[in-house]
Amino acid sequence: MAMMSQTPPEGLEGPLVDVGDGALARFDGRSIQNALVLMDVASGDNWWLAAQMGAKAVIFLGAQDDTRDQFRIKNIPTPLDFPRFYAPPETAALLRQAAARNDSGRVLVRSHWEHRLAENIYGLIPGSSPERAKELVIIEASYDAASPVLGLAPGADQAVSASMLLHMAEFFKAHPPARSVLLVAVSGHGQGLLGTRHFLWALEGPRRVFRVAQRELTNRQNQVQELQRLLSRPDPLRPEADQPLSQGVVWAYVVERAKDEADRLSREARDDRVTMSRALQYRRLSWKESAEELNAQEQALAMELIQWGLKDLEAESKELRARLKAVKSGMAVRSLVEDYDRVLHLALSLSSQSGILTLSEWGGTFPLREQVYRMVRDVALSDLFRRAAETLAQETGEPPIFEETERHGADSGSRAVESSGPLCLGCDIGALSTCPSFSLISANNRRTYWETPNDTIARLNATLLESLQRTVPPLMATVIDHPALRQSCRIGIEGLASVEGRAMFIRQGELFPDKPAPGTIVCALQGNSMVRAMTFRDGSFFIPAVANKRVAYQKLILEPYGVDPESGKIRWVADKVQTSKDNYRLNIKGRLANTTLVMFPCRQTDVVGIV
């Protein structure tokens, strides 16, 4: 869930043992204890057998035909400390040869979590009709790809939707649509549709949430800048002549740093008297009322804390700039869109492996209530698409590219079948908003290699892709210009909500959680949807665009973990007694939920093979 396999700094060494597909018989007579086990990706979940037999790690050997399902079955709901790695086909062949020679191997992998600011990219095409120019159609497509293997996400077929967005931009430039069109390339598709979530929350979230966030971040940025100035002076413990209160600000900061350091050392000390003595020095420092009470040794400790603190403040300042940029960006796109009347939000999920398109109103993201699933909102819009496709086919001489499915009322002879399985679509998020939202998807296609290292350019169907590039833009233009478009779209179900929260520690000897737990990975689970957030330096986190109680029958479950950057192991988790169930199993009633997660330090221990 929040675990990325990595090795100790010195790596993992052991004999290479090739067990092929990982069937139990392949382990017979093999010494697995402390071995590096080689196993096909096409091995189901047989890697558990290697873990139970004491292997140091499993290295999955890639093949050109490994599918998304074969990778997905290896996902687990808990952060198990059992290293699993991937070798691409060329490396896999070499490893197999080495195992046949009974060679040993060494694996060295380093990975870590960090905040990164991703971007949604949008462009507005003004409408050409005086009557309809203020009506807005939003068309989105993801421009990034995901993969279970970090750094190996070619995403060629997955990029068809983004390429179609560019073709639409060129087409609409030459043939201005009657209604205004906002083309949006969203990021974070593989992170639980995170780009779509942030985009729609920017349009739908309460205004005061953004105003408060901007004000609080700006105030904190000013505080950090003033602290940096005060601590950077030659003698930061001495008050300024014209600002006598400055000493109190500096000393309050030193006291908090001393508490944190005393708490950290106390937890690490165990029976180490030297470390315990060091912790006690910091604790005594935190009891002082002002810098004037310090002796020479305590002054040295305080100055040491200040030097460490300057580095942390610089990192916090950088983080605050990024957070403010994100908030202001969301407010800017909201100001742009508010000048228009949103008629339709359409998310693209297109593949070069199918020449037939259809509409979908629900993917597999949320566990929606039965009465919500029974709502069929896209029949009229689907009929509009079908008639537009038939007209276009008569003009071009090519077969119609749009078909209705049986769910739309088509007879059993329909060529179009929606993709089976838990396919998460942008319309899942959009449908929770006030704007009608659907997905235009490639039918009869399982997206076999999406989100794998095998979604390469070589697998693209160039003929079908060229056909889509010729026909989809004029199809969309016909639909967008149709006078009955607004009447063909039923409104959303208004179940969009978000979560604000903090992850906090209780310091030793304290009663309340007042120490931030920065870097905590917060996994939010709801049905087939999992979104990750990471806490900032003040312990806060934000999870946008989840389903509230009105539309979802499952609560939003939060599972927070802190990961040791050196070992990759879990180093703190939620104290669920102190947190209370209602704070990590959220039954969201309104638009915004708030929660506090109480964390406690721990050491990860995994027990494998107990039945």
Side-chain angles (χ1 to χ4, degrees), residues 1 3-6 16-27 35-51 55 57-77 80 82-100 105 107 109 111 142 144-161 189-192 349-354 364 419-424 442 444-462 464-465 528 530:
M1 190 182 300
M3 198 84 173
M4 294 193 299
S5 292
Q6 64 175 336
L16 298 172
V17 179
D18 185 359
V19 297
D21 62 3
L24 186 59
R26 302 296 296 270
F27 289 88
L36 302 178
V37 174
L38 310 181
M39 189 179 293
D40 299 334
V41 170
S43 58
D45 59 358
N46 290 338
W47 64 271
W48 280 105
L49 297 174
V58 164
I59 302 174
F60 293 114
L61 304 184
Q64 298 292 348
D65 57 352
D66 292 332
T67 66
R68 179 168 61 165
D69 289 343
Q70 290 166 349
F71 280 99
R72 276 185 172 177
I73 198 173
K74 294 168 179 59
N75 289 341
I76 54 176
L80 178 68
F82 178 69
R84 297 180 296 162
F85 306 105
Y86 173 85
E90 300 79 8
T91 306
L94 297 175
L95 287 172
R96 214 149 232 158
Q97 294 170 13
V107 182
V109 175
S111 58
S142 64
D144 59 0
S147 170
V149 184
L150 297 179
L152 285 179
D157 196 50
Q158 206 169 344
V160 169
S161 297
H189 180 83
Q191 288 73 47
S349 182
L350 307 180
S351 167
S352 69
Q353 304 303 314
S354 172
S419 300
S420 59
L423 182 65
C424 296
S442 295
N444 309 340
N445 177 244
R446 290 184 57 84
R447 293 148 175 82
T448 303
Y449 299 105
W450 279 29
E451 300 177 1
T452 76
N454 292 330
D455 185 12
T456 59
I457 292 177
R459 294 189 184 277
L460 289 175
N461 186 321
L464 285 180
L465 180 58
N528 292 316
M530 184 173 72

If only atom types and distance count, is the side chain of [X] paired as donor or acceptor with the main-chain N or O of [Y] below 3.5 Å?
{"X": "Gln6", "Y": "Ser111", "result": "yes"}
{"X": "Arg96", "Y": "Leu61", "result": "no"}
{"X": "Lys74", "Y": "Gly44", "result": "yes"}
{"X": "Asp66", "Y": "Ala63", "result": "yes"}
{"X": "Ser161", "Y": "Leu350", "result": "yes"}
{"X": "Arg459", "Y": "Asp157", "result": "no"}
{"X": "Ser147", "Y": "Ala153", "result": "no"}
{"X": "Asp21", "Y": "Ala23", "result": "yes"}

Heavy-atom closest pair, residues [X] and [Y]:
{"X": "Ala50", "Y": "Phe82", "value": "C-CZ, 4.3 Å"}
{"X": "Ser352", "Y": "Leu460", "value": "OG-CD2, 3.5 Å"}
{"X": "Gln353", "Y": "Asn461", "value": "NE2-N, 3.7 Å"}
{"X": "Phe71", "Y": "Pro453", "value": "CZ-CD, 3.7 Å"}
{"X": "Gly105", "Y": "Leu16", "value": "N-CG, 3.9 Å"}

**Request:** Let me see the working for Tyr449 and Thr456 under side chain to side chain contact (heavy atoms under 4.5 Å, CB included), right down to the final yes or no.
**Result:** CA-CA 9 Å; Tyr449 299 105; Thr456 59; over 6 Å; no

How far does [atom1] of [X] sit from [atom2] of [Y], to the nearest 0.5 angstrom?
{"X": "Leu150", "Y": "Tyr86", "atom1": "CG", "atom2": "OH", "result": "13.0 Å"}
{"X": "Asp65", "Y": "Thr448", "atom1": "CG", "atom2": "OG1", "result": "11.0 Å"}
{"X": "Arg447", "Y": "Thr452", "atom1": "CZ", "atom2": "OG1", "result": "14.0 Å"}
{"X": "Leu152", "Y": "Asp455", "atom1": "CG", "atom2": "CG", "result": "12.5 Å"}
{"X": "Leu95", "Y": "Glu90", "atom1": "CG", "atom2": "CD", "result": "11.5 Å"}
{"X": "Arg26", "Y": "Asp18", "atom1": "CZ", "atom2": "CG", "result": "6.5 Å"}

Side-chain heavy atoms of [X] within contact of [Y], under 4.5 Å:
{"X": "His189", "Y": "Glu451", "result": "yes"}
{"X": "Asp40", "Y": "Phe60", "result": "no"}
{"X": "Trp47", "Y": "Val37", "result": "no"}
{"X": "Arg446", "Y": "Arg68", "result": "no"}
{"X": "Phe27", "Y": "Asn46", "result": "no"}
{"X": "Leu49", "Y": "Met39", "result": "no"}

**Message:** Using side chain to side chain contact (heavy atoms under 4.5 Å, CB included), reason through Arg84 and Ile76 one step at a time and then give a plain yes or no.
**Reply:** CA-CA 12 Å; Arg84 297 180 296 162; Ile76 54 176; 4.1 Å; yes

**Request:** Check whether more than 12 heavy atoms from other residues, nucleotides or ligands sit under 6.0 Å from atom CD1 of Ile457, and answer yes or no.
**Result:** no

